[in-house]
There are 2 protein chains.
Amino acid sequence: MNIGQAAAASGLSAKMIRHYEHNGLLQPTQRSEAGYRQYQPKDIEILQFIRRARVLGFSLADIAGLLALWQNPQRSNTVVKQVAQQHLAEVEQKLKELQAMKQTLQLMIAQCAADGGAHCAILQHLAKPAAEVK
Amino acid sequence: MNIGQAAAASGLSAKMIRHYEHNGLLQPTQRSEAGYRQYQPKDIEILQFIRRARVLGFSLADIAGLLALWQNPQRSNTVVKQVAQQHLAEVEQKLKELQAMKQTLQLMIAQCAADGGAHCAILQHLAKPAAEVK
DNA sequence: ATGAACCTTACCCACATGGTAAGGTCAAGC
DNA sequence: GCTTGACCTTACCATGTGGGTAAGGTTCAT
């Protein structure tokens, strides 16, 4: 199977598959005589694993670790859980930041007349907010 | 006022102030004979404006626009509001994505025994999720 | 044999920020 | 006057996850 078919089968782009190989996420595959990468069904499973982990926001470094654990029969699920919990904590941290942004943005937008005039609560807030944000 | 003092006064780093100037966010300042950038109190207000907008997640391109509007007495608050609403929509989109990640991560973590064994619901989910995520 | 569709590597770009290197400047203290 | 340390300058590299493009080789069907 060539890289284009592997990409279609896994939901990744051919570009990214090469990138993952370059980054050490994937073992270099066999090559055809012409140098084309050859993928086996087992490789497709690995690619799908990577795609699903990316959808969940895991970094490539995290995924490298998860892949190694996945392929290690001696693994401990405790380690896997730690990785996931650490990532969840980061996601929750970003959620907090975005929620704070959202709240302030909504407040500012609600206070903006949008009547075509020059007076603007949004610009006022950015110039001198009621409560300074550090 | 030198760049270090301007950085301290505005809450930005000297590095970023230079970067903003390089990007066209800031007008090049006066320079001392030795070539040091010189900042006036008015410049500090602009730097603080930028910092507050960054805290709210506005891109540098957005901030360039907001700064131009701020300094234009002929501005229309309608335009400002549009910029803010567009950014809010992006923030809300990211919030949705992160919330979906959070939910799935919590589910996977809850199902993981973490008893030191090799069986792991998290890896199972990544290998073959119950409901495929495209 | 030719053309389309695929593959290869190797670059540049985004985005905001940090780091580092190599060098110039200024002020304080001796 | 000289040293020292803190500051400033520019210029480059790195991050992380991709997208884009270029220049070229391969494969297959017509």
Side-chain angles (χ1 to χ4, degrees), chain A residues 1-26 28-40 43 47 49-67 83 86-87 90-91 93-94 97-98 101, chain B residues 1-26 28-40 43 47 49-67 86-87 90-91 93-94 97-98 101 134:
Chain A
M1 203 189 284
N2 285 342
I3 198 171
Q5 291 159 326
S10 67
L12 298 168
S13 69
K15 184 106 189 190
M16 282 303 102
I17 294 176
R18 293 192 195 99
H19 184 56
Y20 296 154
E21 180 186 318
H22 189 75
N23 271 30
L25 254 189
L26 300 168
T29 61
Q30 285 186 334
R31 300 285 188 120
S32 73
E33 287 190 3
Y36 285 20
R37 291 172 180 82
Q38 299 295 304
Y39 293 89
Q40 308 303 322
D43 297 322
L47 293 173
F49 184 103
I50 293 174
R51 185 178 56 77
R52 291 186 196 111
R54 284 296 303 138
V55 168
L56 291 178
F58 284 102
S59 70
L60 296 194
D62 277 351
I63 296 175
L66 290 173
L67 273 175
V83 173
Q86 174 63 37
H87 177 51
E90 291 165 6
V91 167
Q93 176 60 32
K94 281 202 179 173
E97 294 169 10
L98 282 174
M101 288 181 195
Chain B
M1 203 189 284
N2 285 342
I3 199 170
Q5 291 158 327
S10 65
L12 297 169
S13 68
K15 184 108 190 186
M16 282 301 104
I17 295 177
R18 293 191 195 99
H19 183 57
Y20 296 154
E21 180 186 317
H22 189 75
N23 271 29
L25 257 189
L26 300 168
T29 61
Q30 285 184 336
R31 300 283 188 122
S32 73
E33 288 190 5
Y36 287 18
R37 290 174 180 79
Q38 299 296 303
Y39 293 88
Q40 308 303 322
D43 298 321
L47 293 174
F49 183 103
I50 293 174
R51 185 178 57 76
R52 291 184 197 114
R54 284 297 301 138
V55 168
L56 292 178
F58 283 102
S59 69
L60 295 193
D62 278 350
I63 295 173
L66 290 172
L67 274 174
Q86 174 64 36
H87 177 52
E90 291 164 6
V91 167
Q93 176 61 32
K94 281 201 181 176
E97 294 169 10
L98 282 174
M101 289 181 194
K134 281 218 170 168

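Here is how names work: the chains are called A, B, and so on, in the same order as the sequence lines, proteins then strands, and each is numbered from 1. This one's a predicted model, so the numbers in the text were calculated from it and none came from an experiment.
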Classify every nucleotide of nucleotides 7-18 of chain D by which part a protein heavy atom approaches to under 4.0 Å, writing B for the base, S for the sugar-phosphate alone and - for neither, in 5'-to-3' order.
-> BSBBB-----BB
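With a 4.5 Å cut-off on side-chain heavy atoms, Ile17(B) and Tyr39(B) count as touching. Taking 4.5 Å as the limit, every side-chain heavy atom of Asp43(B) sits out of range of all side-chain heavy atoms of Leu26(B). The shortest side-chain heavy-atom distance between Glu90(B) and Gln86(B) falls under the 4.5 Å cut-off.
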Would Lys94(B) and Lys94(A) count as a side-chain contact (heavy atoms from CB on, under 4.5 Å) if you check the C-alpha gap in whole Å, the side-chain angles of each, and the deciding distance to 0.1 Å?
-> CA-CA 10 Å; Lys94(B) 281 201 181 176; Lys94(A) 281 202 179 173; over 6 Å; no
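Atom CD of Glu33(A) and atom P of dT27(D) are 8 Å apart (whole Å). Summarising the geometry, the separation between CD1 on Ile50(B) and C1' on dT17(C) is reported as 15 Å, rounded to the nearest angstrom. In this structure, Gln38(A) places its CD atom 16 Å from P of dC6(C), rounding to the nearest Å. Here the C1' atom of nucleotide dC7(C) and the CE atom of Met1(A) are 16 Å apart, to the nearest Å.
Note: Met16(B) CE to Leu60(B) CG = 8.5 Å, rounded to the nearest 0.5 Å.
Atom CD of Gln38(A) has more than 12 neighbouring heavy atoms from other residues, nucleotides or ligands inside a 6.0 Å radius.
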